[in-house]
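Numbering of residues begins at 1 and proceeds along the displayed sequence.
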Amino acid sequence: LFERGGRGYGSFELSPDGHYFATIKEDSDAKTSSVVLLAVADGQERELLSVNSPEHYRAFGYMSWTPGGEALIVIKSRQSEGDPYGERGPKELWLVSTSGGEARKLDIDIDDWSGRIRLHPNGTQIAFFTGKQSRELWVLDSLLPTQTASK
């Protein structure tokens, strides 16, 4: 399905409909970090969003699909000397459309989050790790606004 040397890609998250894998692609030559989709059917790659170094998207377990697969939640951070993974710098939570819409920063302070994130299948809660020396698992309710039916 997918073979590109295994370098430069983060963990893979399967979409709710099973048609795409989402991942973070790091390009050390171009100094970019991108949120990309890979089609399960043919491996075609589509870039959704990209930032230039020192900003980057967290690559391993720091993204989660929304229930309908219309967006991804990702963590963006800033790398610095002595902190290549952006662990100590400011972090932001972003909602990235999978259909080409604008990405938007979510107004949630995640500076103390230290690990993987996972959105609940109903889309109203997110589980995340926090803590410095030990890990704690927290749940945040009402993360995304409820969607209203259009007329």
Trainee: I'd like to check the side-chain contact (heavy atoms from CB on, under 4.5 Å) partners of Asp29; sequence neighbours left out, ordered by chain and number.
Mentor: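 Once residues adjacent in sequence are excluded, the partners of Asp29 under the side-chain contact (heavy atoms from CB on, under 4.5 Å) criterion are Asp27.
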Trainee: Could you measure the distance from the CG atom of Leu72 to the OG atom of Ser64? Nearest 0.5 Å is fine.
Mentor: 8.0 Å
Trainee: Quick one: closest heavy-atom pair of Gln125 and Leu119, and the distance?
Mentor: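 Closest heavy-atom pair between Gln125 and Leu119: O-CD1, 3.1 Å.
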Trainee: Counting only heavy atoms not in Asp107 (residues, nucleotides, ligands), do more than 12 fall under 6.0 Å from its CG?
Mentor: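 Incorrect, the count does not exceed 12.
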Trainee: Not counting sequence neighbours, which residues clear side-chain hydrogen bond (donor to acceptor under 3.5 Å, both in side chains) with Trp65? List them please.
Mentor: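 Listed in chain order: nothing, the list is empty.
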Trainee: List the residues meeting side-chain contact (heavy atoms from CB on, under 4.5 Å) with Asp109, not counting sequence neighbours, and say none if there are none.
Mentor: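 Expected list: Asp111.
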Trainee: So, using side-chain contact (heavy atoms from CB on, under 4.5 Å) as the criterion, who are the partners of Ile108 when residues are at least two apart?
Mentor: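 For Ile108, the residues satisfying side-chain contact (heavy atoms from CB on, under 4.5 Å) (neighbours in sequence not counted) are Leu93, Leu106, Ile110, Trp113, Leu140, Leu143.
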Trainee: If you take all heavy atoms of Met63 and Val74, which pair is closest and at what distance?
Mentor: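 Where Met63 meets Val74 most closely, the heavy atoms are CB-CG1, 3.7 Å.
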Trainee: Going by the side-chain contact (heavy atoms from CB on, under 4.5 Å) test, name the single residue among Leu49, Ile24, Asn52 that passes it with Ser33.
Mentor: Ile24
Trainee: Restricting to side-chain hydrogen bond (donor to acceptor under 3.5 Å, both in side chains), what partner residues turn up for Ser53, sequence neighbours left out?
Mentor: none
Trainee: List the residues meeting side-chain hydrogen bond (donor to acceptor under 3.5 Å, both in side chains) with Thr66, not counting sequence neighbours, and say none if there are none.
Mentor: Glu70
Trainee: Could I get the full list of side-chain hydrogen bond (donor to acceptor under 3.5 Å, both in side chains) partners for Ser99, not counting sequence neighbours?
Mentor: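 Ser99 satisfies side-chain hydrogen bond (donor to acceptor under 3.5 Å, both in side chains) with Ser97 once adjacent residues are dropped.
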Trainee: Identify the two heavy atoms, one from Tyr20 and one from Val40, that lie closest to each other, and give their separation to 0.1 Å.
Mentor: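 What the structure gives for the nearest pair is N-CG2, 3.7 Å.
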Trainee: How close do Gly69 and Thr98 get, heavy atom to heavy atom, and via which atoms?
Mentor: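 Gly69 and Thr98 have their closest heavy atoms at O-OG1, 2.9 Å.
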Trainee: Could you grab the distance from atom NZ of Lys91 to atom OG of Ser77, nearest 0.5 Å is fine?
Mentor: 7.0 Å
Trainee: Apply the test side chain to side chain contact (heavy atoms under 4.5 Å, CB included) to residues Tyr57 and Val51: give CA-CA distance (whole Å), side-chain angles for both, the deciding distance (0.1 Å), then the verdict.
Mentor: CA-CA 8 Å; Tyr57 297 104; Val51 293; 3.3 Å; yes
Trainee: Within this structure, what is the CG-NZ distance for the pair Leu38 and Lys25, rounded to the nearest 0.5 Å?
Mentor: 9.0 Å
Trainee: Taking all heavy atoms of Tyr9 and all of Glu45, pick out the closest pair and write down the distance.
Mentor: OH-OE1, 2.9 Å
Trainee: Any side-chain to backbone donor/acceptor pair from Ser50 onto Thr32? Under 3.5 Å, distance only.
Mentor: no
Trainee: Determine the minimum heavy-atom distance between Ala71 and Leu95, stating which atoms define it.
Mentor: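 It is CB-CD1, 3.7 Å.
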Trainee: Side-chain contact, heavy-atom cut-off 4.5 Å: Lys31 with His56?
Mentor: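 No, their side chains stay 4.5 Å or more apart.
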Trainee: Checking side chain to side chain contact (heavy atoms under 4.5 Å, CB included) for the pair Ile75/Ile117: CA distance, chi angles, key distance, verdict?
Mentor: CA-CA 9 Å; Ile75 294 178; Ile117 61 173; 3.9 Å; yes
Trainee: Check the pair Ile73, Tyr62 against side chain to side chain contact (heavy atoms under 4.5 Å, CB included), reporting the backbone distance first and the verdict last.
Mentor: CA-CA 8 Å; Ile73 296 176; Tyr62 296 92; over 6 Å; no
Trainee: How would you list, by chain and number, every residue that makes a salt bridge (charged side-chain N to carboxylate O under 4.0 Å, His left out) with Glu55, sequence neighbours excluded?
Mentor: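 By the salt bridge (charged side-chain N to carboxylate O under 4.0 Å, His left out) rule, Glu55 matches Lys76, Arg78.
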